[in-house]
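Following: one structure in structure tokens, then a few remarks.
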Amino acid sequence: MGRYVARRLGQMVIVLIGATMVLFACLFVLPGDPVGSIAGSDKARDPAVVAELKARYGLDKSLPEQYVNYVSKVATGDLGEDFIQRREVSEILGPKLANTAKLALLAIALVTVFGMGVGIIAALYRYSILDMATTFFTTMAVGFPTFVIGMLLMKWFAVELQWFPQLGGDKLEGMVLPAVTLAITDIAFVARLTRGTMLEVLRADYVKTAVAKGLPRRRVLFKHVLRNSSIPVVTYLGISFGALLGGALITEAIFNWDGVGLALVQAIQQQNNPIVIGVVTYSVAIFVVLSLIVDLLYAALDPRIRLS
């Protein structure tokens, strides 16, 4: 187990290096002048100001030198300095990461409870009216774009009924609409995935044997069926949680949620490269760590899986 974790951590470093290298190359070829966004259009015409700013942010060096400089700083926990506010990137992203994490935790909790709950009920009562209704509504939910769901929820529950604030806030009621917007599509996916995998496991011979031996229905359901059918669901939940922690661009923009996604959109518009690279580095790290956690959960859920 220890060797496996060490090997995966080594792979994480390689993935981080590759992702940041690709991002650096993309930012280098994009049109626009970051110095102009830093100094303003008037000062950007002054060669002395341009030279000073390029020297300060290392933009006067070649792309490989800039990348090596960035990686050496990241290794010490330094994500660089923001172009616009002239503050440390880690200092700016810290509160935004916390806001995104709160939203992501609430959303993934809704997905886990309602998605798996609906899927379990649909599988136990397969081909019933309840099962058909579940299939119909989950298909509709998957077909709706996230921004449409967000705008409809805001119109109905914030503007007309005034149950929740239109824009997100620190309190729980301000998080409900953004979290539900993020969760609805994933709830539909998880419900259909849970239903499909449970139906497959219910037809397995070892489940039929357990029922024939007289084991209680609840024990068969939770110890054998649900546990063995949850591996694909855990995989999807891990990927979904990583995407949520990386920032939900559309949802955060709709509800003006001060998170990583909104910061990334604003940084791209302002050509604020340190923020863009910092957010991407963080997102890739989260995905790699979560994939490791999911792989370790496989062994806990199914002893037949050997990590070696």
Side-chain angles (χ1 to χ4, degrees), residues 100 103-161 163-164 166 168 175-204 207 217 220-222 224-255 257 261 287 290-291 294 297-298 301:
T100 296
L103 198 62
L105 286 171
L106 180 56
I108 205 67
L110 294 174
V111 172
T112 304
V113 173
F114 289 100
M116 293 191 68
V118 170
I120 291 171
I121 294 173
L124 294 178
Y125 298 95
R126 59 187 179 275
Y127 311 131
S128 65
I129 296 178
L130 182 62
D131 183 25
M132 290 186 288
T134 299
T135 303
F136 174 75
F137 285 110
T138 53
T139 303
M140 287 187 59
V142 171
F144 273 93
T146 302
F147 72 91
V148 174
I149 296 174
M151 297 300 292
L152 289 176
L153 291 178
M154 181 183 290
K155 180 179 183 297
W156 292 336
F157 296 103
V159 177
E160 296 181 358
L161 297 176
W163 289 356
F164 303 99
Q166 296 185 34
M175 298 172 56
V176 171
L177 290 183
V180 172
T181 301
L182 292 173
I184 284 180
T185 302
D186 283 340
I187 287 174
F189 272 117
V190 170
R192 301 196 67 168
L193 185 60
T194 302
R195 176 189 179 276
T197 54
M198 281 196 65
L199 288 177
E200 183 178 351
V201 173
L202 283 170
R203 292 191 289 264
V207 174
R217 180 179 174 86
V220 173
L221 175 63
F222 287 99
H224 298 286
V225 178
L226 187 59
R227 182 174 181 177
N228 289 310
S229 63
S230 60
I231 291 180
V233 179
V234 168
T235 303
Y236 183 85
L237 289 175
I239 296 173
S240 177
F241 190 43
L244 294 174
L245 286 174
L249 308 182
I250 298 175
T251 303
E252 291 185 3
I254 291 174
F255 293 96
W257 184 264
F287 265 107
L290 284 176
S291 67
V294 168
L297 285 175
Y298 286 169
L301 293 171

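All values below were derived from every heavy atom in this structure, side-chain atoms included, with hydrogens, water molecules and symmetry-related copies excluded.
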Between Val201 and Ser229, which heavy-atom pair has the shortest distance, and what is it? CG2-CB, 3.7 Å
Minimal non-hydrogen separation, Pro178 against Thr251, with atom names: O-CG2, 3.6 Å
Mind listing the side-chain donor-acceptor pairs of residues 116-129 below 3.5 Å, one per line with the distance, residues two or more places apart or on another chain?
from, atom 1, to, atom 2, distance (Å)
Ser128, OG, Tyr125, O, 2.4
Ser128, OG, Leu130, N, 3.4
Ser128, OG, Asp131, N, 3.3

Tell me the closest heavy-atom pair linking Thr139 and Thr135, and the distance in Å. OG1-O, 2.7 Å
From Leu152 CG over to Leu177 CG, what is the distance, rounded to the nearest 0.5 angstrom? 11.5 Å
Rounded at 0.5 Å granularity, tell me how far OG1 in Thr146 sits from CD1 in Ile250. 5.5 Å
Looking at every heavy atom in both Leu244 and Thr100, which two are closest together, and how far apart are they? O-CG2, 3.3 Å
Separation between CG of Leu193 and OH of Tyr236, rounded to the nearest 0.5 Å: 8.5 Å
Exceeds 12 heavy-atom contacts within 6.0 angstrom, atom CE of Met151: no
Kindly compute the distance separating CE (Met175) from CG (Leu182), expressed to the nearest 0.5 Å. 10.5 Å
Are the side chains of Val142 and Phe189 in touch, meaning some heavy atoms are under 4.5 Å apart? yes
In Å, rounded to the nearest 0.5 Å, how long is the span from OG1 of Thr112 to CG of Leu237? 4.5 Å
What residues form a side-chain hydrogen bond (donor to acceptor under 3.5 Å, both in side chains) with Thr197, not counting sequence neighbours? none
What is the minimum heavy-atom distance between Val190 and Gly115, and which atoms define it? CG1-C, 3.7 Å
When rounded to the nearest 0.5 Å, the distance separating CZ of Arg195 from OG1 of Thr138 is 8.5 Å
In the structure I gave you, are the side-chain heavy atoms of Thr181 and Ile254 within less than 4.5 Å of one another anywhere? no
In terms of heavy-atom contacts, Ser240 and Ile108 come closest through OG-CD1, 4.0 Å
Residue set satisfying ring-ring contact (aromatic ring centres under 6.0 Å, His included) with Phe241, at least two apart, ordered chain then number -> none
